[in-house]
Every structure is written in C-alpha cells, then in structure tokens.
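Scroll down for the structure; my scribbles are underneath it.
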2 protein chains.
Amino acid sequence: MSGKKSSTSTRQIREANLRAVLHDMWDSDPVTGSDLMASTGLTRATVHDVCEDLAHRGWIHEVENQREHGDYRLGRPARRYCFQPMAGVLVGVDCGQDMTVATVTDLRGRTLTRHDHAFSSTEHSAEERLDVLSRTVLGALEKASLAASQVLAVAVGVPAPVDVDGRTVGTANPFWERMNPNIVEYLADRHGWTALVDNDANLAALAEGWRGAGRGLRNFVTLLTGEALGAGIVEEGRLLRGVRGGAGEMRFLDLVEGVGSPTGIGALSRDWAREALRDPKTHPTSSLRKLAPEDIDAEAVFAAAAAADPLATEVVERLGARCARIVSTLAVLLDTDRIVLAGALSGSYTGILRTIERDLPRYVHPPLPVVAASELGDEAVSIGAVRRALDHVREQALEIELPPAHPVPAPAHPS
Amino acid sequence: MSGKKSSTSTRQIREANLRAVLHDMWDSDPVTGSDLMASTGLTRATVHDVCEDLAHRGWIHEVENQREHGDYRLGRPARRYCFQPMAGVLVGVDCGQDMTVATVTDLRGRTLTRHDHAFSSTEHSAEERLDVLSRTVLGALEKASLAASQVLAVAVGVPAPVDVDGRTVGTANPFWERMNPNIVEYLADRHGWTALVDNDANLAALAEGWRGAGRGLRNFVTLLTGEALGAGIVEEGRLLRGVRGGAGEMRFLDLVEGVGSPTGIGALSRDWAREALRDPKTHPTSSLRKLAPEDIDAEAVFAAAAAADPLATEVVERLGARCARIVSTLAVLLDTDRIVLAGALSGSYTGILRTIERDLPRYVHPPLPVVAASELGDEAVSIGAVRRALDHVREQALEIELPPAHPVPAPAHPS
DNA sequence: AGCATTAAATATAGGAACTAGATTTATTTC
DNA sequence: GAAATAAATCTAGTTCCTATATTTAATGCT
C-alpha cells in the first residue's frame, strides 16, 4: 500500500533475502533472529527487517510468549518468528477417467480434507467434467469451512499429455482433449483461482519424490500401471515434459519384444486371467474359477496370487517378465536411479518385483536400477498435485497477495 | 588486487549487472552506453561504471576512434565498448577411438586452428591416450602461436558415459574407463587447464543445437550413427545426463523388434553389404562386387546407393526401415521436436531419410517429429566440445582471472 | 567563423538495503 | 540486588544504484 518504490536493483537484494528467510522458515519450527543470522549470513538488523516485511505480507508472524518455545536460560529473550501454515490453502486434484478426488492442505502440505465425486460414465462430456471438478473442490473446502478466497493454488492431474502452460492441444486425440478441456482457464474464470494442470504420471512422480519411494532422489521414473502405462520422468530433480507434454508416453512399447503394447498391469492382470479361465483345462483347481467372469479384476488376481493360486501366480509371473523388459528399456536409455511402480494396487506388487529382480540382469548391465513399488497407492496423483501447487506457491510467494488473515465469518453479535 | 570488500548483498547486484552487460556484448558489435542503457535498463552512470569494471578485468575494451564505427551525425560522440574475443582461447577436442582432433577458437567460437593425431591402435593404452591428447592440443596452440596460459577451458568428448564431474566411474566396463582415464585431473595437473569432459553424443547434440540441424530448438535428440549408436538428448535446452552420465545409451535396442542391437549405421552398412556379397546369387551385377571385400565400407556403400546400385540400395532401404523404428521409440518416449542423425557420413543419409519418412507414420501418431541429417559431418563432436567450453567460460566469466593481455613474446630488441 | 542544436558524458545529490559496532534492555544466576 | 548474558535497538557508514543538472564534443546552419 505504501507507494515506496525502490530501484529494480536494490529490490533484487531484498527479494532474495525475503525468499531465503521464507524458505528457511517454511518447514521449520519457530526460529529466532540469531537462527536466521546463522542460516542466511545477514546481520541482525536486516534479519528483523526482513521478518517484519514477511509478517506484513502475512506469511509469518511473531510468536508472542517466547518462553514456552525455547529452552534457553540466560540473556534477553529472542524474538521468535513462525511460518503461518494457514495463511492460505492448497488444493490437489486427481481428475481421472472415472472420478475426481480433491485434497485440501495447508501451506505445509498437511491434509485438511478430502472429497471425491464420480463421473456419470467414463465417456462423460467436457462440461460435466468441469462442473464435477468445480463442485468437488468446493465440496472439499466446505467440509473444512474454508472460503474459496483462501485457495492460493489448485493443481489438477489428468490422464493426458499437458504442456508447460497446462493445456492439451494439437494431439489429434479427442479423448485427451476431453480429459483437459482447458481446466486452467475455467478455474481462473469461474473461481479466480490460480490453476495448474499436469499429466497424472508426472504428478505421481512428484508425489513419489516427495513422500514416496523416490524420496531424496534426483533421478527416478514413476510408472503408472493402471489401465494404460504412463511414465513420469524426473531428471536432475526436474520433470521432463517434452514439446507438447508427451514425454513419458509409452506407445513405443508396441515395438518392444515381449511387451507389444502400453497396456497397464491393472488391465492385463484382469484380461490374462479371464483368458486363461476360458480354457477349462488350464489350472482347473484355481480359486479364481469360483468367481463370475465379470468379478475377475486386478484385485482378485493379486489376492489369489498372494494365496499361491497357480493360475494367478502364472499371470503375475508373466506380468513381471513383461515389466522387466519395460523397466530395462527406461533404465538404460535414461540412466535413472530408481523406477517406482505406482497404481491403485501397488501394495500387491511384491510378486511382480521378485520376477523383475530375477530378469533385470538379462537386459541391463550393472549397476542395476532399483525397482520399487509405490507406497502411495491410489493417492499418488492427488498427493503429487498438492506438491505441484505447493511448489508453485513457494516459487511465487512474493508475488502472491495473501487473503485477509481470518476469513472465518465473524460472530453474529456486534462487538 | 584492490582489497575493497563489499557486502555479499550489494556484490550480488554488481555481479548481476556485470553478467548482463557482458552477455549483451559477447556476440555483438561495439555498443554505446546508450545501447546498454536500453538493453539493461540501468542508468548511464552505472552502465559506464560496469563497463569500466569489465574493461579492467580484460573482457571488453573501449573503442578509440568512434567515428569509424557509428553512423550517427549529431551530438557528442558516444563512448563505445567492444567485447575482446581474444581475451583468451577455447579448445574443443574430439577424443575418439582411433584419433584425436583439437579445435582452438576465440571466445566467440571462431576457429583459429585445428590439429589432429591418430592413436597407434584402437586398443591404445590410457597413458598413450592422455599423452596424445596433450600433444594434440599443444600442437594446435603452437600452429597459431598461442601460449598455454591463454587457454580458458578445454572440453573433451569421449565415447563413454561421463558424469557431471567429467568422470567415468562405476560402469564395470574397462573400455569406457580407458576412453576417459580421468582426463579432467590430468589436464589440470599437467597444464593447469580447466578441463571439461563429456560424452561424444552429448557434445554432438550441443553442436547441432548451436550450428547444426537443431539450431533454435529446445527439444531435440542427436543420434551418433557411426560404429555404435549413442543419443544426446536435449530437453528444454538442457542436456540429459542421468545418474552416471549414461542417458542416451542405446543398449535397450536389443529389445526393440526389427532392431535388435545398438550397432550404428556405419558398421551395419558395411556388414550387411559384405554379407550380401558373400552369396554370389544376390545382385550379381552390383558395382560393389568390383571391390575387394576389405574395401567395402560405409562410404563405398552410400556412394553405390547414390549411383542406384541395387545391392547398396537394398542395404540403405533396410537401414532406413531400422532407423524408423529407433527414431520412433525416442520420439514417442521423449516427445521431441526433431531427431538429428549425425556421423561422418551424415551428408549421404538422404536415402535413409526417405525411408524413415515413409515408415514413421506406422509407429508414431501425429504430430510427427522431424528427422534430419546433420550438416556437421565428422566435426560435430569437436564443434560441440568448443561449445561446451564456451558455455563454461560464459557462465564462469566473472570468476575467471584472464591471462595478461598480450602474451605474444616481446620483440627481441630493447624498447 | 560563430552560434544553435544535439546527444552524449560527467558531476552532484540522494535513496535503498545492507554492515558494523556501540548502547540499551530483558532475563537468569548468584 | 548486582553480575552475567544474549539479544534487541540505535547510530554511522558502505556500496551500488537512480535522478537530475551541468558540461562537453560533435554537427549544421547562417
């Protein structure tokens, strides 16, 4: 509000310091001026000045009763500042083929609420998609009594290639364009939100690098293994996108021997099991024969395999052999540290992993990449979406004007 | 030398301005203070101050007779500054299996001299390799009467995976380790040079992006097609490296249908032609039958194909069909704009390109990537090495202390 | 030749953001 | 209640920048 204008040059310094201090405080407990002096190398005067600036902007606040937090004894009590995790909220959405899940978190990525909503069918219209997406997010916000104005960023994962600007264009594939009917613009126009759209496998990769099996790694690949395979490739900590967001597209598997298609583990486990069951002579004692054909799904197959059912074991074995080839291809070309198999049933992939481990040395020279199953199950995409929103907000923090501190409706009676 | 110390904060501003001005001047004609004011947004006083600083450091100099350069008429003549392309020199080396080529350039990448030297055999020792490399660079410098102290950076391309630090370790492949026997350390210890080592395909990619078929593109792949295939992958303007520098390794082609190995076009054209010639019944009239078997090499095959020889044409056709599959794999997974086929004979790849263009739609959905042949021939790696050195020097300019202005030996007679 | 015009250089004053060191202040400990 | 302590606050002083006034070295016109 104060119309002070400083030169672009000097503002650069202040901006860098604001950024450094905010970064330091984002994920830590309340810190003192001296703490910040040590971590930033600035003098005390500057540190407090910067902190007051950040407090003014609403990102941090000064902790009043200092005694409670610190365990020091002597000297004048230090001023303590603390990051405001509720200065705004983030929304991460997994906007899949069949349903939408929205997760609302604070600025540290701690979940506040989740809310989901199914589409009427897999072939739902673009209009329905946008409407359901919108209502799912609003529903989640309402659950936690949060106002739309508190949302600093909404990130949405869709099963389609997405370019840097969050758009899906020029793909000559109507399915993909329907999956992402310019969500960015829609959310901005309708709710005024900063929206980020990304490919679901890319977001799953972000999730794995944050809270999953890729934690701490700068080079890894996440393979989404549901109906169709899709890879999220992280190289030197950066997500690969490609020209139109198509990086990680697995259609090339058509050409790989022993693979032949980009069909996912979820689909194949079901299809292969059904196919085998059609011939009454193969594994006549299999427990899967007790189920109706339409009840044979990935979950049933993995459950049977876990119980050592011979037919299911054979399917899992075959899936593992196939995966070994897929994983090798990626590992060799990209020289990656780890490949994470993600998907709703990733918790049941131990059998597949065993086979991959056995076959990998046939195709890859040492050092071999680590192949692991995701621990995030079907939450990978929405967690990754939250992370995407979080990254954006951390990056843009100084350009963001925070909503007023407490938009909770004031008590009905006058002061 | 002047022991002034400014705070890290204020130094950041000055550094950013030095960088901006130096960057502006690197590739342009002499510029005036007013030009720089427009491009940097700084005031005149600051611009001249920064320029004097840069002149002091030796990167630029003030042009004396201003009239000659400008075409202005009125007003007080402007001070003009010009980048010093000979403030130091760069060396780019292609250190291959059979020979070494060193290119010396000025700071704008304009070639001053080239010098090459063959190894005693493809199985030469690490010691010989380092020695020949060393002598090739010194030979090139001597040709242009340049002192070793003028070298600001030496970049070396080797046929091996190389990590970010320029080392080849942990590959369990003695050939690779012999190709890069810690060249960085050797050149630093023996000559005091800043050395950068990189994979040859990566450097070829840099060359293509600079002066070749990838010029201006942020996403493209360069395929080295000589004896063994190797890819240099550029994504968002950045070279992919992978954990140990192995990104772009093509061993995964073992698993690709209709490909089966990472053997290069150079090797296959020769092998396939020889194989066909062994059966006297296939194409008995082929002009290649006039050559001794040991004279059948890639060059001969492509020359014959250009003259419509049926046997050679069949080989080229087969190569094209194979390349289409390889190119598709990369294009789909990486969603790249263009794939450049590089190699000593890239000038003769028109036949191959025709076949690729025909086959590509079988494997890739539109929009199709552009496939092009390199125009750089066997210079791709050394040009890329120069570019690597240039990038390093531009990046590190402010940290580099330039050698004294004119190390040319003073005339023998006194003043 | 001499003077107006012009575009740049130079000089002067002032501000933002930082550092450094002296002084003050709020605590705990003895 | 005084000493010890660690931090806050205050007072200069720095660097690097901007803004504006003044000066300078050309050209062009009479």
Side-chain angles (χ1 to χ4, degrees), chain A residues 2-22 30-57 62-81 398, chain B residues 2-22 30-57 62-81 398:
Chain A
S2 62
K4 294 176 216 162
K5 54 175 175 181
S6 53
S7 74
T8 39
S9 315
T10 52
R11 194 162 51 227
Q12 278 171 20
I13 298 183
R14 175 43 71 100
E15 247 188 60
N17 289 337
L18 287 167
R19 250 173 239 287
V21 169
L22 186 55
V31 292
T32 66
S34 302
D35 293 339
L36 290 171
M37 288 170 69
S39 62
T40 63
L42 299 169
T43 44
R44 191 182 303 281
T46 309
V47 160
H48 285 304
D49 202 44
V50 166
C51 283
E52 253 149 52
D53 202 336
L54 285 173
H56 219 103
R57 292 161 183 252
E62 191 168 349
V63 178
E64 286 308 328
N65 31 358
Q66 300 96 327
R67 278 149 256 163
E68 296 179 8
H69 293 279
D71 50 339
Y72 61 90
R73 319 233 155 252
L74 264 53
R76 177 172 179 170
R79 295 173 67 179
R80 287 184 123 77
Y81 302 95
L398 299 184
Chain B
S2 62
K4 293 176 216 164
K5 55 173 174 182
S6 52
S7 75
T8 38
S9 314
T10 53
R11 193 162 51 228
Q12 278 171 19
I13 297 183
R14 174 45 69 99
E15 246 188 60
N17 289 338
L18 287 167
R19 250 174 239 286
V21 170
L22 186 55
V31 291
T32 66
S34 302
D35 293 339
L36 290 171
M37 289 170 69
S39 63
T40 62
L42 299 169
T43 46
R44 190 182 304 283
T46 309
V47 160
H48 285 303
D49 202 43
V50 166
C51 282
E52 253 148 50
D53 202 336
L54 285 173
H56 219 104
R57 292 161 183 251
E62 191 168 349
V63 178
E64 287 306 330
N65 31 356
Q66 298 97 326
R67 277 148 259 165
E68 298 178 9
H69 294 279
D71 49 339
Y72 61 88
R73 319 238 152 247
L74 265 54
R76 178 171 177 170
R79 293 174 68 177
R80 286 184 123 78
Y81 302 94
L398 298 184

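Letters go in sequence order (proteins before strands), and every chain restarts at 1.
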Can you tell me how far [atom2] of [Y] sits from [atom1] of [X], rounded to the nearest 0.5 angstrom?
X: L36(B); Y: H48(B); atom1: CG; atom2: NE2; answer: 8.5 Å
X: M37(B); Y: T43(B); atom1: CE; atom2: OG1; answer: 6.5 Å
X: E15(B); Y: T10(B); atom1: CD; atom2: OG1; answer: 10.5 Å
X: I13(B); Y: Q12(A); atom1: CD1; atom2: CD; answer: 6.5 Å

Can you check whether T46(B)'s main-chain N or O pairs, donor with acceptor, with D49(B)'s side chain at less than 3.5 Å?
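It does not hold such a pair.
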
Under 4.0 Å from OP1 or OP2 of [N]: is there any side-chain N or O of [X] that close?
X: R79(B); N: dT10(C); answer: yes
X: T10(A); N: dA16(C); answer: no
X: R14(B); N: dT15(D); answer: no
X: S34(A); N: dA7(D); answer: yes

[N] [atom2] sits how many Å from [X] [atom1], rounded?
X: R11(A); N: dC16(D); atom1: CZ; atom2: C1'; answer: 15 Å
X: E15(A); N: dA16(C); atom1: CD; atom2: P; answer: 17 Å
X: L18(B); N: dT15(D); atom1: CG; atom2: P; answer: 16 Å
X: I13(A); N: dT19(C); atom1: CD1; atom2: C1'; answer: 12 Å
X: R44(B); N: dC17(D); atom1: CZ; atom2: C1'; answer: 16 Å
X: L74(B); N: dT6(C); atom1: CG; atom2: C1'; answer: 5 Å
X: R76(B); N: dG28(D); atom1: CZ; atom2: P; answer: 18 Å
X: L42(B); N: dT15(D); atom1: CG; atom2: P; answer: 19 Å

Within a strict 4.5 Å, meaning less than it, do heavy atoms of the [X] and [Y] side chains meet?
X: R79(B); Y: R44(B); value: no
X: L54(B); Y: L18(B); value: yes
X: T40(B); Y: N17(B); value: no

To the nearest 10 degrees, how far apart in direction are the end axes of the helix from dA1(C)-dT30(D) to dC30(C)-dG1(D), each fit to five base pairs?
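The helix from dA1(C)-dT30(D) to dC30(C)-dG1(D) shows an end-to-end axis angle of 20°.
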
Listed by chain and number, what are the side-chain hydrogen bond (donor to acceptor under 3.5 Å, both in side chains) partners of D53(A), not counting sequence neighbours?
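Expected list: R14(A), R57(A).
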
Using a heavy-atom distance cut-off of less than 4.0 Å, which residues of residues 47-55 of chain A contact DNA chain C?
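Contacting residues: none.
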
